[in-house]
Asker: 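Just passing along the structure, written as structure tokens.
Read the numbers this way: they start at 1 and go in the same order the structure lists the ligands and their atoms.
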Amino acid sequence: MTDPFTLGTIKLEPYWWDQAPRPKLPELALPKTVDVAVIGAGFTGLGAALTLARAGRDVLVFDAETAGWGASSRNQGHIGLIKRAFADVEKAYGKPKAIALVREGQAAIDHVVDLIEREKIECYLRKTGRFIAAPRPGHYESLARELELLKREIGFEADMVPKAEMHREMASDAYAGGEIRHREACLHGGLFHNGLLARTMGAGARVAAETRVTRIERGKEGFTVHTARGSVAAKDVFVATDALTGKLVPYLARRVIPVSAGGIATEPLPPERIRAVIPGLRACIDVWKLSNSIRPSPDMTRIVFGGRRTMVDSDARTSGRRLYANMLRLFPQLAGVRITHSWLGKVGYTFQTMPHVGMVDGMHYATGYCGYGVGVAPYLGHKVGLRILRANDSATAYDDLPFETRPLYGGNPWFLPASVAWYRYQDSRAR
Ligand SMILES: Cc1cc2nc3c(=O)[nH]c(=O)nc-3n(C[C@H](O)[C@H](O)[C@H](O)COP(=O)(O)OP(=O)(O)OC[C@H]3O[C@@H](n4cnc5c(N)ncnc54)[C@H](O)[C@@H]3O)c2cc1C
């Protein structure tokens with residue numbers, strides 16, 4: 001078969017943008033002063049801006065690109081708990097804190113589901129749970145042990161699916177079973193972003209798209225936010241730029257690791273072909289270190305595949321080939337299926353594989369969702385909104401996590417090729 005990636009027939013942008021094109025907002029004349037400047041119009045920034053605007057604050061959201069251009073319109077739309085084994089989290093922070101972090105993750109899932117339903121955002125929200133696939137028997141046993149503990153401690157809603165039954169969920173012989181997490185969900189990220197943007201602007205927040213913030217200056221009474229189009233004074237600033245922060249806030253640059261993540265979408269397929277791969281029709285992800293994810297498209301006409309093997313890629317042709325080869329390795333029944341879209345985006349990781357929320361130099365930040373921002377980003381944005389309002393209920397279990405950096409790290413993740421090699425080695429040793 002001729003390599004489709006050389007033919008120019010593949011769209012090198014997110015499949016999601018077909019149905020949810022990036023909004024072209026009219027150029028906004030910048031005001032002189034606002035109550036709150038939010039930098040970044042993704043899920044995090046909008047999560048805060050909606051809460052603040054509804055409380056009557058004058059909010060201006062800046063984005064360097066079109067609103068939602070970052071990860072918020074490129075993601076696979078899985079809404080789930082952060083992928084870090086409970087045993088690891090327990091070892092790092094102790095059992096009570098590990099349980100509090102799981103509860104907080106569940107609160108984030110509930111928040112985003114509730115937000116979508118309350119605001120009536122049409123984004124194909126499917127509350128059907130997610131399937132977590134275990135590649136090796138050892139993974140399966142760890143998931144089962146973790147589930148037993150979480151069921152006992154907090155009534156975690158999930159069920160194990162043994163290998164003999166897993167073809168009901170995901171038709172692949174590459175796995176040893178898995179777990180259905182009933183409270184998790186999926187949606188169309190691009191439509192969710194567009195809906196959230198519309199509600200936020202409807203509540204009175206202004207959005208200055210294509211307006212990059214170049215510098216933030218702290219004064220006695222607040223901040224001056226500088227852009228190439230002029231400067232705006234703000235009482236409060238919320239930095240919501242996640243993996244795309246660059247050098248704007250050096251403290252964050254030293255702590256957030258921008259990692260590439262990619263996706264591919266197949267050509268339209270008959271329903272029986274999709275069911276032959278994902279009979280459960282849920283969003284599925286595996287627990288390899290270099291994990292893979294697969295789901296039906298929201299309208300059930302295609303398969304959308306993604307994964308962490310694209311961590312070091314900068315070209316959507318390279319990542320697309322890598323993902324395609326991997327998809328066929330896991331689902332050989334898809335041989336011959338064409339790819340129509342391949343895309344990349346940046347995900348913010350942290351050295352502890354945990355999100356962080358807090359303040360630096362008087363500015364608020366929330367960042368580092370490690371591939372789980374669809375649930376956590378709007379939730380932490382909302383919490384920061386509550387903090388700015390000095391409202392109750394703004395505390396989170398993430399507040400007191402130490403936000404670590406490493407020597408020689410200033411924002412350029414030069415060590416990623418070595419990390420990929422290390423993950424590959426760990427995966428190869430898993431039993
Ligand atoms: C391919 C891919 C798949 C993913 N899949 C999932 C998934 O299935 N489930 C899940 O939970 N998460 C997933 N994620 C991660 C999730 O999308 C992110 O965690 C989340 O969208 C982060 O939202 P955010 O608002 O913090 O950042 P972003 O959406 O990245 O927004 C940051 C914004 O800040 C703007 N900005 C940056 N610098 C400046 C500046 N100086 N001035 C003004 N604006 C600036 C950028 O233009 C950008 O629009 C995925 C990500 C990718 C890339």
Asker: Among protein heavy atoms, which lies nearest atom 47 (O) of ligand 1, and at what distance?
Answerer: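 Looking at atom 47 (O) of ligand 1, the protein heavy atom closest to it is Asp63 OD1, 2.6 Å.
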Asker: What is the nearest protein non-hydrogen atom to atom 18 (C) of ligand 1, stated with its residue, atom name and distance?
Answerer: Ala71 CB, 3.7 Å
Asker: On the 0 to 90° scale, with breaks at 30° and 60°, tag the His111-His382 ring pair as parallel, tilted or perpendicular.
Answerer: parallel
Asker: Hey, are Lys151 and Glu179 close enough for a salt bridge, meaning a charged N less than 4.0 Å from a carboxylate O?
Answerer: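 Here Lys151 does not pair with Glu179 in a salt bridge, since their nearest N and O are not under 4.0 Å apart.
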Asker: I need the contact type for Phe43 against ligand 1. Using non-hydrogen atoms and a strict under-4.0 Å cut-off, is it side chain, backbone, both or neither?
Answerer: both
Asker: Considering only protein heavy atoms, which is closest to atom 3 (C) of ligand 1, and at what distance to one decimal place?
Answerer: Asn75 CA, 3.3 Å
Asker: How long is the span from the OG atom in Ser319 to the CZ atom in Arg309, to the nearest 0.5 Å?
Answerer: 13.5 Å
Asker: Output the list of atoms in ligand 1 that are nearer than 4.0 Å to some heavy atom of Gly40, sorted by atom number.
Answerer: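 Answer, ordered by atom number: 33 (C), 34 (O), 35 (C).
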Asker: Distance to the ring centre below 6.0 angstrom and angle to the axis at most 45 degrees; does that hold for Arg308 and Tyr423?
Answerer: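 Pair Arg308/Tyr423 counts as cation-pi.
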Asker: Give the numbers and elements of all ligand 1 atoms closer than 4.0 Å to a heavy atom of Val347.
Answerer: 51 (C), 52 (C), 53 (C)
Asker: Under 6.0 Å from the CZ atom of Arg118, do we count more than 12 heavy atoms belonging to anything else shown?
Answerer: yes
Asker: CD of Glu122: more than 12 outside heavy atoms within 6.0 angstrom?
Answerer: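 Result for CD/Glu122: open.
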Asker: For ligand 1, which part of Ile39 has a heavy atom less than 4.0 Å away: the side chain, the backbone, both, or neither?
Answerer: side chain
Asker: Under 4.0 Å, heavy atoms only, figure out whether ligand 1 is touched by the backbone of Ser293, its side chain, both or neither.
Answerer: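 Contact part for Ser293 vs ligand 1: neither.
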Asker: Asp242 heavy atoms, cut-off 4.0 Å: which ligand 1 atoms fall inside?
Answerer: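 Listed by number with element, the hits are 22 (C), 26 (O), 27 (O).
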Asker: Taking NZ, NE, NH1 and NH2 as the nitrogens, is one of them in Glu117 or Lys127 under 4.0 Å from a carboxylate oxygen of the other?
Answerer: yes
Asker: Ala240: heavy atom below 4.0 Å from ligand 1, yes or no?
Answerer: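 So Ala240 counts as touching ligand 1.
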